[in-house]
Amino acid sequence: MSRHAATVAAPPARRAGVADGRCAVSRHAAAVALLAAALLPAGCAAPRSGSLGPAPTAPPPVATLSAPAPPSSTAAPPTAGPVRSPTPAATAAAPTRAQTVTVELWYVRDGRLAPTRRTRPATVATSRLALAELAAGPTPAEAATGLTTLLPAGGEVTRIADGVATVAPAPAGGDAPTRRLREAQVVYTLTQFPTVERVRLAVGPPVGRADYADLLPPVVVTGPTIGARVGSPVTVTGTADVFEATVTVRVLDAAGRTVATAFTTATCGTGCRGDFRVTVAYRVQREQPGTIEAYEVSAADGTRRHVVAVPVTLTPVRS
């Protein structure tokens with residue numbers, strides 16, 4: 001019985017061994033599962049059941065998390081578009097300043113005012129330059145047309161405030177008409193600048209152009225100036241106080257022949273002064289000295305009155 005009992009009891013022992021084997025297999029499977037989990041990429045979940053399947057032929061992309069890089073002034077520009085080098089404002093080309101300045105000078109001809117212009121090296125003291133050129137007098141070509149100056153050297157603008165320029169020492173000497181013409185030269189020359197509306201010449205109130213308007217001739221030509229080189233068509237500008245505001249302009253060649261004539265009307269006339277501007281086309285065969293005349297045609301007999309002659313150089317029309 002005891003041997004039979006032992007024999008009978010043997011199957012449970014074998015079943016226990018089978019169970020132990022199964023446990024060993026389970027432990028082995030668990031170890032394989034843990035090993036597979038360890039080999040999985042970070043962030044991937046282990047398969048719920050079944051085999052791991054065939055090994056992948058290429059490793060899946062691995063997402064790398066990192067803190068964003070701090071902004072840097074030297075960071076490369078994005079490559080989505082063409083890369084352009086920035087142009088700092090400091091390296092932009094500075095605008096070139098004018099190397100010359102042109103000033104208007106009012107001289108005297110036949111007891112009346114007459115303008116011309118000078119182009120000189122640029123300076124910040126343009127009012128001082130204008131008075132110095134005014135005192136220096138006309139060029140030989142200008143003097144040949146009768147221009148002169150009554151202003152002595154030495155006067156300077158000492159102050160400009162509230163549209164008033166103060167000149168010291170004030171021009172003095174001579175008789176009353178001479179002093180007045182001299183003052184008019186200074187006033188008309190300085191009031192060309194936008195910062196000057198009136199001029200203080202001595203003790204007393206400042207004066208402006210209107211105080212000397214009677215010293216202008218009936219016809220004043222402001223352009224072209226004496227000795228200018230002109231082409232066709234030439235634009236003639238000025239002011240006039242003439243009958244019915246009508247101004248006639250003609251162009252003469254080197255022989256004194258009329259090569260063009262035109263007329264225009266000023267913005268005011270017959271007792272008031274107005275501006276005029278007219279364009280005249282002419283034709284000459286070669287470059288040569290010429291003259292531009294502006295005048296009033298007499299309503300009584302058709303003669304030319306108040307003629308202003310400006311010697312220039314005429315150039316031919318180029319086709």
Side-chain angles (χ1 to χ4, degrees), residues 98-122 129-130 133-134 136-149 185 188-189 192 216-242 245-266 274-298 301-319:
Q99 299 301 310
T100 60
V101 61
T102 300
V103 293
E104 188 177 75
L105 306 175
W106 288 80
Y107 289 118
V108 175
R109 179 194 290 130
D110 298 329
R112 300 290 184 95
L113 295 173
T116 189
R117 287 193 295 269
R118 289 277 190 284
T119 299
R120 293 291 184 262
L129 169 66
E133 290 290 333
L134 196 62
T139 65
E142 293 167 343
T145 69
L147 291 184
T148 186
T149 186
Q185 281 188 260
Y188 269 78
T189 297
Q192 71 182 288
L216 294 173
V219 178
V220 174
V221 175
T222 56
T225 55
I226 297 170
R229 187 172 182 269
V230 302
S232 178
V234 57
T235 300
V236 183
T237 60
T239 66
D241 179 1
V242 294
T246 302
V247 179
T248 302
V249 173
R250 69 172 182 167
V251 181
L252 309 177
D253 64 9
R257 295 184 297 258
T258 301
V259 294
T261 304
F263 73 92
T264 187
T265 54
D275 299 324
F276 70 85
R277 181 185 185 92
V278 61
T279 300
V280 187
Y282 66 88
R283 183 176 295 276
V284 293
Q285 298 301 317
R286 58 180 177 81
E287 184 172 311
Q288 59 191 281
T291 305
I292 294 176
E293 291 184 345
Y295 52 90
E296 173 191 9
V297 176
S298 172
D301 54 15
T303 57
R304 294 181 293 112
R305 305 176 60 214
H306 315 305
V307 179
V308 177
V310 180
V312 295
T313 298
L314 302 177
T315 60
V317 177
R318 298 187 182 278
S319 56

- Task: Could you verify whether a donor N or O on one side chain and an acceptor N or O on the other, from Thr222 and Thr237, lie under 3.5 Å apart?
- Result: yes
Report task. Using atom types as modelled and distance alone, determine if a side-chain donor or acceptor of Gln192 lies under 3.5 Å from a backbone N or O of Thr189. Result -> yes
Contacts of Arg305 meeting salt bridge (Lys or Arg N to Asp or Glu O under 4.0 Å) (sequence neighbours excluded), chain-then-number -> Glu296
Counting heavy atoms not belonging to Arg277, are there more than 12 under 6.0 Å from its CZ? no
Heavy-atom closest pair (Val249 atom, Ala294 atom, distance to 0.1 Å) is CG2-CB, 4.2 Å
**Message:** Side chains of Arg229 and Thr315 only: does a donor on one sit below 3.5 Å from an acceptor on the other?
**Reply:** no
- Query: With a 4.5 Å limit on heavy-atom distance, are the side chains of Val242 and Tyr295 in contact?
  - Reply: no
Residues Ala240 and Ala266: closest non-hydrogen pair is O-CB, 4.3 Å
What one should report as the nearest heavy-atom pair of Val221 and Pro115 is O-CG, 3.6 Å
Could you tell me whether the side chain of Tyr282 reaches within less than 4.5 Å of the side chain of Ile292, counting heavy atoms only? no
With a cut-off of 6.0 Å (strictly less than), are more than 12 heavy atoms of other residues, nucleotides or ligands near CZ of Arg112? yes
Review point. Ignoring hydrogens and geometry, is there a side-chain-to-backbone donor-acceptor pair from Thr149 to Leu134 under 3.5 Å?
Key: yes
Mind checking whether Glu287 and Pro316 have side chains closer than 4.5 Å, heavy atoms only? yes
Min side-chain heavy-atom separation Val259-Leu252 under 4.5 Å: no
Taken to the nearest 0.5 Å, the spacing of Leu147 CG from Ile226 CD1 works out to 4.5 Å
The reported gap from CZ in Arg117 to CD in Glu133 (rounded to nearest 0.5 angstrom) is 14.5 Å
Under a 4.5 Å cut-off applied to non-hydrogen side-chain atoms, are Arg120 and Val103 in contact? no
Original post:
Side chains of Trp106 and Leu216: does their closest heavy-atom pair fall under 4.5 Å?
Top reply: yes
By side chain to side chain contact (heavy atoms under 4.5 Å, CB included), Ala144 pairs with (sequence neighbours left out) none
From the list Thr102, Thr100, Thr225, side-chain hydrogen bond (donor to acceptor under 3.5 Å, both in side chains) partner of Thr119 resolves to Thr102
Between Val247 and Val278, is there a side-chain heavy-atom distance shorter than 4.5 Å? no
Report the C-alpha distance between Leu314 and Val230 in whole Å, list the side-chain angles of each, state the deciding distance to 0.1 Å, and finish with yes or no for side-chain contact (heavy atoms from CB on, under 4.5 Å).
CA-CA 5 Å; Leu314 302 177; Val230 302; 3.8 Å; yes
Rounding to 0.5 Å, atoms OG1 (Thr265) and CZ (Phe276) come to a distance of 11.0 Å
For Arg257, the side-chain hydrogen bond (donor to acceptor under 3.5 Å, both in side chains) test, sequence neighbours excluded, returns Asp253
Using a 6.0 Å cut-off, check whether atom CG of Asp110 has over 12 heavy atoms from anything other than its own residue. no
Scanning both residues in full, the closest heavy-atom pair of Pro138 with Ala143 reads CB-N, 4.0 Å
For Ser232 and Ala281 the tightest heavy-atom approach is OG-CA, 3.5 Å
ask   = Would you say the side chain of Leu113 lies within less than 4.5 Å of the side chain of Gln185, judging by non-hydrogen atoms?
value = yes
For Gly137 and Arg118, the nearest pair of non-hydrogen atoms, with its separation, is O-NH2, 3.3 Å
